[in-house]
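Note sheet for the following structure.
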Amino acid sequence: MDSKHYEIRTMKPDEVSIAVEWAAQEGWNPGLHDADSYYYADKTGFLVGVLDDEPIATISAIRYDASFGFIGFYIVKPEYRGQGYGIQIWNAALAHLEDCNIGLDGVVEQQDNYKKSGFQLAYSNLRYEGLSGGQSPEDHAIVALTALPFETVAAYDQLFFPASRPAFLQHWITQPDCHALGILENGMLAGIGVIRQCRNGYKIGPLYAENADLAERLFAALKSEVDPSQPLFLDVPEVNQAAIALAEKYDMTVSFGTARMYTGEQPALPLERLFGVTSFEIG
């Protein structure tokens with residue numbers, strides 16, 4: 001590095017869009033309104049590296065509570081890579097999440113680098129791509145999540161995530177250009193799903209359900225809510241064979257994968273009921 005001034009600081013609210021835009025340039029296909037929801041997960045968790053007033057590096061280090069955090073958006077502008085700026089913002093993110101069990105969804109090829117910082121592989125996630133649309137049979141068990149008490153929805157979400165995240169969830173299920181649905185069984189919430197518009201097509205996440213039948217009914221309802229014949233994406237844990245079978249039943253194919261890694265013990269989550277990851281960026 002040269003003598004230019006490099007500063008790492010917390011992003012301002014309107015700067016979170018920088019990370020999302022760079023993610024789009026990297027081909028990660030973020031949702032149109034992801035930045036707004038992500039900011040509410042942890043208002044101090046987005047960092048930017050600024051070189052003489054030019055943003056050149058980003059990372060998110062979302063601290064959900066005192067014990068769990070998640071890293072994403074680790075991006076350095078191409079022309080500044082390999083010069084030491086990235087490792088500095090990486091270390092700042094780890095410092096922000098000190099004393100937390102930290103998760104991330106990393107590029108598979110970078111596993112060894114993450115292991116140097118104490119991360120260990122838990123399992124792989126696979127991104128499936130198909131087409132939106134199709135007819136959803138009339139299903140009186142499916143309801144809008146906004147029609148349910150938010151406390152009910154938040155309690156169900158927490159079954160599938162290592163920490164409570166009500167502020168993020170509230171914005172996630174009410175963001176523009178999205179449909180958030182639940183499915184009831186015996187009067188109880190038995191699954192939730194969200195589909196949102198992305199830079200390219202639509203993405204479903206999360207998709208949680210008590211069994212494969214409920215997951216498929218939610219999946220069919222979600223993809224029928226949006227413009228037909230558009231690219232549709234679903235990110236599934238590779239260890240959930242029922243989720244893979246669901247994706248393949250609808251002629252979806254794998255486009256890429258990530259390595260879910262943690263610095264501490266793998267959280268005891270019901271992966272057999274987790275049919276779609278909320279977001280590779282924040283868990």
More than 12 non-hydrogen atoms from neighbouring residues, nucleotides or ligands closer than 6.0 Å to CG on D53, yes or no? no

Do the side chains of R63 and E98 get close enough for a salt bridge, i.e. N-O under 4.0 angstrom? no

Short question: side chain of S224, backbone of A221 - any donor-acceptor pair under 3.5 Å? yes

4.5 Å side-chain heavy-atom contact, F161 and P206: no

Evaluate the salt bridge (charged side-chain N to carboxylate O under 4.0 Å, His left out) criterion for residues R260 and E238: first the C-alpha distance (whole Å), next the side-chain angles of each, then the deciding distance (0.1 Å), finally the verdict. CA-CA 10 Å; R260 172 59 64 91; E238 191 173 18; over 6 Å; no

With a 3.5 Å distance limit and no angle check, can you tell me whether R127 reaches the backbone of S255 through a side-chain donor-acceptor pair? no

To the nearest 0.5 Å, how far apart are CD1 in I183 and CG in L214? 4.5 Å

Same cluster for V277 and F68 if Ile/Leu/Val/Met/Phe/Trp/Tyr side chains link at under 4.5 Å? yes

If you compare all heavy atoms of P55 against all heavy atoms of K77, which two are closest, and at what distance to 0.1 Å? O-CD, 3.2 Å

Start with the C-alpha gap between F168 and D42, add the side-chain angles, then the distance that decides, and say whether side-chain contact (heavy atoms from CB on, under 4.5 Å) holds. CA-CA 8 Å; F168 161 77; D42 178 358; over 6 Å; no

With side chains defined as the heavy atoms from C-beta onward, is the minimum distance between C100 and Y64 less than 4.5 Å? no

Is V108 reachable from F256 through a run of hydrophobic residues whose side-chain heavy atoms are each under 4.5 Å from the next? no

Determine whether the side chains of T278 and R165 contain a donor N or O and an acceptor N or O closer than 3.5 Å. yes

Any side-chain heavy-atom pair from F233 and N200 closer than 4.5 angstrom? yes

Straight-line distance of D157 CG to L169 CG, nearest 0.5 Å: 4.5 Å

Are a donor atom and an acceptor atom from the side chains of D36 and H171 found within less than 3.5 Å of each other? no

List the atom of A220, the atom of Y250, and the distance in Å for their closest heavy-atom pair. CB-OH, 4.2 Å

Taking the side chain as C-beta and beyond, is there a heavy-atom pair between F275 and L234 under 4.5 Å? no

Side-chain contact test, heavy atoms from C-beta onward, threshold under 4.5 Å: evaluate it for Y128 versus V254 and give yes or no. yes

Distance-only, no hydrogens or angles: does the N29 side chain make a donor-acceptor pair with backbone N or O of R199 under 3.5 Å? yes

Counting only N and O atoms by type, is there a donor-acceptor contact under 3.5 Å from the side chain of N101 to the main-chain atoms of E265? yes

OG1 (T263) and CD1 (I71) are apart, to the nearest 0.5 Å, by 8.5 Å

Of all heavy-atom pairs between I75 and A19, which one has the smallest distance, and what is that distance? CD1-O, 4.0 Å

Assess whether salt bridge (charged side-chain N to carboxylate O under 4.0 Å, His left out) is satisfied between K203 and E281, documenting all intermediate values. CA-CA 13 Å; K203 198 176 295 181; E281 286 73 44; 5.4 Å; no

Pairing donors with acceptors under 3.5 angstrom, does anything connect the side chains of Y39 and S17? no

Atom CD of E7: over 12 foreign heavy atoms under 6.0 Å: yes

Find out if a path of hydrophobic residues (ILVMFWY) with successive side-chain heavy-atom gaps under 4.5 Å connects V20 to M11. yes

Donor-acceptor contact present, side-chain Q175 to main-chain W172, <3.5 Å: yes

E54 atom CD, neighbour heavy-atom count above 12 within 6.0 Å: yes

Measuring from atom CD1 of I102 to atom CE of M261, what distance do you get when rounded to the nearest 0.5 angstrom? 12.0 Å

Parallel, tilted or perpendicular for W28 and F73, by the 30°/60° rule? tilted

Answer yes or no: is there a side-chain heavy-atom contact under 4.5 Å between K223 and Y202? no

Should the pair R217-E185 be classified as a salt bridge under the 4.0 Å nitrogen-to-oxygen rule? no

Could you tell me whether a side-chain N or O of N186 sits under 3.5 Å from a main-chain N or O of M188, the two making a donor and an acceptor? no

ILVMFWY cluster, V16 and V50 together (side-chain gap under 4.5 Å): yes

Distance in Å, H179 NE2 paired with Q197 CD, rounded so as to fall on 0.5 Å steps: 9.5 Å

Does the side chain of T58 reach to within under 4.5 Å of the side chain of L47, using non-hydrogen atoms? no

If the plane angle is over 60° it's perpendicular, under 30° parallel, otherwise tilted; pick one for Y74 and W90. tilted

Are L184 and L189 close enough, and set up right, to give a side-chain contact (heavy atoms from CB on, under 4.5 Å), and what steps lead you there? CA-CA 5 Å; L184 304 179; L189 187 59; 4.2 Å; yes

Looking at S132 and L232, would you say the former's side chain and the latter's main chain have a donor-acceptor pair under 3.5 Å? no

Nearest 0.5 Å, what's the CD-CD1 distance between E79 and I56? 8.5 Å

Tell me whether F46 shares a hydrophobic cluster with I8, the cluster being built from Ile, Leu, Val, Met, Phe, Trp, Tyr side chains joined at under 4.5 Å. no

Salt bridge (charged side-chain N to carboxylate O under 4.0 Å, His left out) assessment of R9 paired with E15: CA-CA 11 Å; R9 59 169 174 79; E15 290 178 319; 2.8 Å; yes

Hey, are the side chains of L246 and L207 touching, using non-hydrogen atoms and a 4.5 Å cut-off? yes

Expected output: side-chain N240 to main-chain L271 donor-acceptor under 3.5 Å: yes

Tell me, with the steps shown, if L159 and Y208 meet side-chain contact (heavy atoms from CB on, under 4.5 Å). CA-CA 10 Å; L159 298 174; Y208 308 144; over 6 Å; no

Just checking, any donor-acceptor pair under 3.5 angstrom between side chains of Y156 and E210? yes

Between Q266 and Y123, does any side-chain donor sit less than 3.5 Å from a side-chain acceptor? no

